[in-house]
Amino acid sequence: MARVYNFSAGPSMLPEEVLKKAAAELLDYKGCGQSVMEMSHRSKVFDEIIKGAEALLRELMNIPDNYKVLFLQGGASTQFAAIPMNFMNGSGKADYVVSGQWSNKAYKEAVKYGDVKVAATSKEQNFSCVPEMDKSNFRPDADYVYICMNETVHGNIIRDLPDTGDVPLIADISSCFLSEPIDVTKFGMLYGGAQKNVAPAGLTICIIREDMLGNAREYTPSMLDYKLMADNDSLYNTPPCYTIYICKLVLEWLKENGGLEKMKEKNVKKAKLLYDFLDNSKMFKGTVVPKDRSIMNVPFVTDSEELNAKFVKEATEAGLVNIKGHRSVGGMRASIYNAMPYEGVEALVKFMAEFEAANS
Ligand SMILES: *Cc1c(COP(=O)(O)O)cnc(C)c1O
């Protein structure tokens, strides 16, 4: 059976080489006579897998030694609560930049835990851009400032980080994880669900500066206490072993394919192909202002709901699947993560051109 081009926002495509390798190793991992799915998380074999994944991630993202890398469960959404519980412990204040659906959800969760302010938002623009983030919007005594770097639903990305002075910056990078180089030292914490760009669902990766740890609120559940997780090398309880193994294979694939600089080059090229088409089309148009456009999630619309539905239906029949926009915004969205080949975007653009010709 031919594989489709899957434009889903997550779970999303994995590199075919990774799937093949996992298949080859499924029954017998490296001669140990068992599958990674079956082995103890305390075994020597698994220890090499999780340590290997961490080492590769550190190498690819250039993560300094004073940052901990945690492999957790619960998804990015669980961190929406864990973050205030762990870090909103000085003034009890936190400032949130609301630039789309995910930062808004994180904000709403954080409100339960303290004095939380929307420091900047592009809600009035329907999140078609990221907001202006003036230093004066941020409270100097806040415990942290929160951003969602790449808004998966609305398709915008924060390219210019806010100047938060000494206040640590925390960023959700779920949908831009490993898509391009990032300066980890600018952040107190980076985190993301793995199912967009790193692995199957079930794994959340947190990268946290060490000095941030150890000040969780007393009532913080053990499973959400980053310090406890760090002290136990992510093995306080059973971690998502098989997903961590696939994550390691993806990281190996990234390294073999030139690392994050090369990935960025490829991703920019893919995104440009699609955005150039949108900018020249009379039927389709992108919904985000050019300067804030994500290179991972590309929302677009026609001016008719009927045409949108027809397009989604016919694209699906042509093997271009999961192109429907998020239920909250409608239209279409093409998620073109690392594992989406250039040929996939080419096929989409060709199909859009044919659709436009046939329907106008
Ligand atoms: C998908 C996504 C989430 C939610 O992730 P879960 O792992 O499903 O909780 C949060 N933030 C961003 C930016 C996302 O893309």
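Both ligands and their constituent atoms are indexed starting at 1 by order of listing. Predicted, not measured: the structure shown is a model, and the values here were computed from it. All values below were derived from every heavy atom in this structure, side-chain atoms included, with hydrogens, water molecules and symmetry-related copies excluded.
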Who are the residue neighbours of ligand 1 when the rule is a heavy atom under 4.0 Å from any of its atoms?
G75, A76, S77, F80, W102, C148, N150, T152, D172, S174, S175, Q195, K196
Co-membership, hydrophobic cluster, residues L203 and L190, 4.5 Å side-chain
yes
For R327, does the CZ atom sit with more than 12 other heavy atoms under 6.0 Å from it, leaving out its own atoms?
no
Establish, yes or no, whether a centroid distance under 6.0 Å links the rings of Y245 and F46.
no
Thinking salt bridges, do R139 and D115 make one under a 4.0 Å N-O criterion?
yes
ring-ring contact (aromatic ring centres under 6.0 Å, His included), that's the test. Do Y226 and F87 meet it? Break it down for me.
CA-CA 10 Å; Y226 294 134; F87 304 127; 5.7 Å; yes
Going through the distances and angles, do F351 and F311 end up as a ring-ring contact (aromatic ring centres under 6.0 Å, His included)?
CA-CA 9 Å; F351 181 80; F311 177 78; 5.6 Å; yes
